[in-house]
Amino acid sequence: MVDPTTPRPARAPRETATAGLEPLAVLPVFVPLRGKRVVLAGSSGGAPWKVKVLAAAGALVDVYAAEPSDELRAVPGEIVDGQVTLHERHWTPDDLWGAVFCVGAMEDETDAVAFVAAARGTGAIVNAVDRPHLCDVKFGAIVNRSPLVVGISTEGAAPVFGQTVRARIEAMLPRGFSRWMAAARDWREQVTGRFPGFADRRFFWERFTERAFAEPDREPAPADLAELLGQTEAAPKGGAVTLVGAGPGDAELLTLKALRSLRNADVILYDDLVAPAILDYARREARTMLVGKTGHGPSCRQDDINALMVQLAKSGKQVVRLKSGDPLVFGRAGEEIEACRQAGIPVTVVPGVSAAQGAAASLGLSLTHRDAARRLQYVTGHDRKGGLPEDLNWSALGDSSVTTVVYMPKRTLGALLERAVAEGLAPGTPALLVFNATRPNQAVVRGTAADLAHRVEAAGLEGPALLMVGRALAEAEESRVADEERRAV
Ligand code: SAH
């Protein structure tokens with residue numbers, strides 16, 4: 001057991017690397033082909049579609065095929081963009097000069113090898129249909145909302161899976177996005193000219209994106225541009241601090257506002273308890289700093305965190321102070337808000353799912369009950385020095401008809417439950433210790449007010465934990481057990 005009176009070693013806030021990149025099977029790159037010469041040789045089954053795609057990208061496609069299929073012959077009449085010229089003869093090396101992209105679509109492997117070698121000799125990008133071993137680049141599945149283009153590859157691992165992913169993305173991106181994308185392209189220069197500062201431009205484009213998502217099928221109009229420029233002009237300038245609730249761990253419990261704040265942040269100051277998956281939602285360019293506050297182990301001093309937050313915001317940064325659970329529950333948020341106010345820094349709070357809510361939800365436990373618990377209380381398990389807080393309302397903790405959730409319960413668990421029982425809590429009252437609530441390694445130790453502490457010690461579990469005590473939990477527990485028994489029958 002840690003001696004709660006030992007002073008904690010201090011640590012300084014430290015910069016952490018943003019979420020690393022996982023290995024990539026292939027690098028997606030996008031090739032502008034408008035007005036450029038492309039060669040396709042051969043007439044295999046895959047040829048017509050490739051020619052259409054290349055032409056759709058605005059390319060000038062020369063097709064060399066001694067015996068074109070009917071389908072390939074029909075292509076020049078079917079294209080929507082670009083230009084396709086069909087030469088009814090075998091390709092020659094001279095045909096490849098000046099082509100930026102060469103596609104071999106021949107049946108014969110030897111011919112394909114010769115074509116690829118000749119094409120590489122001219123410096124063109126090379127693809128050979130259905131011959132991955134000869135390809136410099138491969139075609140992916142496409143979702144087309146030009147100028148927004150999504151390319152999908154499974155690197156040959158699972159084409160059907162890839163098609164389903166493509167269908168899902170198709171469904172997610174309304175067709176009207178094309179018009180908004182085109183408007184973005186047309187308006188970009190004006191926006192950049194009017195707002196040289198990055199923060200303003202980001203403000204503009206975020207509002208623009210919100211509109212596109214809200215009304216994808218409406219044609220964007222000059223009035224939209226004027227309105228958005230006006231809003232950006234009127235937006236508050238300079239740095240600000242947002243206290244954001246990261247929730248108990250499961251990233252899907254983040255609010256939309258939390259997500260937006262993370263995407264907006266220049267700097268994110270986060271606690272150890274914030275799950276790493278949450279930081280993945282930050283912009284890649286954002287600085288992330290661990291200002292470790294764990295409740296045990298080395299911690300950064302609160303004054304240092306406040307000073308850092310204020311200093312970063314004063315230098316014009318959008319600072320997110322990312323705290324586990326809800327920022328206003330046992331998070332010393334009051335001090336951080338006060339520090340910002342005193343320094344004249346605008347500060348806002350984005351609520352989060354507190355550990356108690358996360359734990360209750362993932363266990364399917366109602367915290368209140370019409371008969372068993374009309375009151376719900378959140379209590380801290382230790383005081384400033386780490387000992388059992390003397391100033392807790394002990395008679396409230398001794399009340400058997402209330403649900404009590406104790407944050408930071410581990411160091412004083414035995415003493416707290418013992419004292420609650422001494423104050424009148426029925427020893428048989430159900431009690432749970434939930435470790436790592438909502439995380440993949442969530443674990444629960446179940447017991448009663450009288451025996452939970454021993455059970456927890458025996459279980460030897462690690463991680464942030466919450467104590468939940470109350471008769472209401474028994475009702476839920478009974479129905480859970482009954483449910484399990486029913487299912488087992
Ligand atoms: N603001 C946070 C609480 C911060 S105090 C919130 O609203 O949840 C830190 C304590 O929260 C931990 O000691 C632990 O008791 C609890 N806690 C945070 N995340 C938890 C999790 N995933 N599972 C269980 N308890 C958690």
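Start at 1 and go down the list; that is how both ligands and their atoms are numbered. All values reported here derive from a predicted model rather than from experimental measurement.
- At distances below 3.5 Å, at least one donor-acceptor pair connects side-chain atoms of Thr412 with backbone N or O atoms of Gly381.
- Comparing Gly247, Ala465, Ser354, Gly245 by heavy-atom distance to atom 14 (C) of ligand 1, the nearest is Ala465.
- Between Phe208 and Trp187, the ring planes lie perpendicular to each other; the angle is over 60°, past the 30° to 60° tilted range.
- In Val434, the part holding a heavy atom less than 4.0 Å from any atom of ligand 1 is the backbone.
- Checked against a 3.5 angstrom limit, the closest N/O atoms of Val329 and ligand 1 fall inside it.
- Taking distance alone, with nitrogen or oxygen atoms compared against 3.5 Å, Phe330 stays at or beyond that limit from ligand 1.
- Ligand-side atoms of ligand 1 in range of Tyr407: 3 (C), 6 (C), 8 (O), 11 (O), 15 (O), 16 (C), range being under 4.0 angstrom from any heavy atom.
- Contacts of Asn436 with ligand 1, taken as heavy-atom pairs under 4.0 Å, involve the backbone alone.
- Residue contact check: Ser324 has heavy atoms under 4.0 Å from atoms 1 (N), 2 (C), 4 (C), 6 (C) of ligand 1.
- Only the side chain of Arg439 comes within 4.0 Å of ligand 1, counting heavy atoms alone; its backbone N, CA, C and O stay farther away.
- Heavy-atom contacts of Leu466 reach the following atoms of ligand 1: 15 (O), 24 (C), 25 (N) (cutoff under 4.0 Å).
- In this structure Val320 satisfies the side chain to side chain contact (heavy atoms under 4.5 Å, CB included) test together with Thr242, Val244, Ser261, Leu262, Ala265, Ile268, Leu322, sequence neighbours excluded.
- The shell of residues lying under 4.0 angstrom from ligand 1, judged by heavy atoms, excludes Ala359.
- Between Gly249 and ligand 1, not a single N/O pair is under 3.5 Å apart.
- Under 4.0 Å from ligand 1, the heavy atoms of Pro409 that appear belong solely to its side chain.
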